[in-house]
Amino acid sequence: GAGVSQSPRYKVAKRGQDVALRCDPISGHVSLFWYQQALGQGPEFLTYFQNEAQLDKSGLPSDRFFAERPEGSVSTLKIQRTQQEDSAVYLCASSLDPGTDTQYFGPGTRLTVL
Amino acid sequence: DAKTTQPNSMESNEEEPVHLPCNHSTISGTDYIHWYRQLPSQGPEYVIHGLTSNVNNRMASLAIAEDRKSSTLILHRATLRDAAVYYCILRDDYGQNFVFGPGTRLSVLP
């Protein structure tokens, strides 16, 4: 079946621009996660949704980062006034059950801020 | 979440077994041991997980020490496609997000 998809796969932004990254989770998956992965490092947690509710946003690095999942399915991660340090791969993952279930990751969006 | 320690990198020859170690001396009784791997230019993918007993699936085996302070991911016959970064992660039953470390970069030589 279809896995987690993310778009765009690559995004180049000029410093100061706003960007929006989209995640389409596996159909029926309750939980959705966003992670940020800098070059050569493991993914770092950003935020977590259970259905449409954002239950944890403790990993968002600044108030320029905003995520939403208004209908409990597709999610968008928005970064306002991008900075060079925002350059990273942004990964989305979904799981059927928030607790012990496996997380399925998308391919990521590589964001480069010039 | 308790911390894990893994070697930065390992090498293996194709078609030979690979044993990837993970130390987690501060593991708690409710922590599950998860292994994910990340192939180049892809998101992480699930490999295996366990709590106390050894586990086997079509991808790998997970051997868990009796005191649970360490575990080993076993790939029975490495292929070139197994070249990836392997992450060992602890998460309890109530956990949600995973806390990834730097993982072990496995190289498979033909």
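Residue numbering restarts at 1 for every chain, and letters A, B, ... go by the order of the sequence lines. Atom set for the values below is all heavy atoms of this structure, side chains included, hydrogens, waters and symmetry mates excluded.
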For the backbone of Gln103(A) and the side chain of Tyr36(B), can you confirm whether one donor and one acceptor N or O come within less than 3.5 Å of each other?
yes
Whether over 12 other heavy atoms sit under 6.0 Å from Gln54(A) CD:
yes
Please tell me whether Val47(B) and Val4(A) are part of a single hydrophobic cluster in this structure, the criterion being side-chain heavy atoms less than 4.5 Å apart.
no
Results of ring pair (Phe, Tyr, Trp, His ring centres under 6.0 Å) for Tyr35(A) - residues two or more places apart only
Phe105(A), Phe100(B)
Kindly state each residue pair satisfying disulfide bond (SG atoms under 2.5 Å apart) with at least one member in residues 12-53 of chain A, sequence neighbours excluded.
Cys23(A)-Cys92(A)
Suppose a student defines contact as a heavy atom less than 4.5 Å from any heavy atom of chain B. Which residues in residues 106-114 of chain A would they list?
Gly106(A), Pro107(A)
Do Met59(B) and Tyr86(B) sit in one hydrophobic cluster, given that two such residues count as connected whenever their side-chain heavy atoms are within less than 4.5 Å of each other, even indirectly?
yes
Is Gln37(A) in contact with chain B via its backbone, its side chain, both, or neither, using a 4.5 Å heavy-atom distance?
side chain
Other residues, nucleotides, ligands: >12 heavy atoms within 6.0 Å of Arg77(B) CZ:
no
Minimum side-chain heavy-atom gap Phe33(A)-Asn97(B) below 4.5 Å
yes
Under 4.5 Å, counting heavy-atom pairs only, tell me which of Pro44(B), Ser41(B), Gly101(B), Pro102(B) racks up the most with chain A.
Pro44(B)
Between OH of Tyr46(B) and OH of Tyr104(A), what distance do you get to the nearest 0.5 Å?
8.5 Å
In short, disulfide bond (SG atoms under 2.5 Å apart) pairs touching residues 4-69 of chain B with sequence neighbours left out are Cys22(B)-Cys88(B)
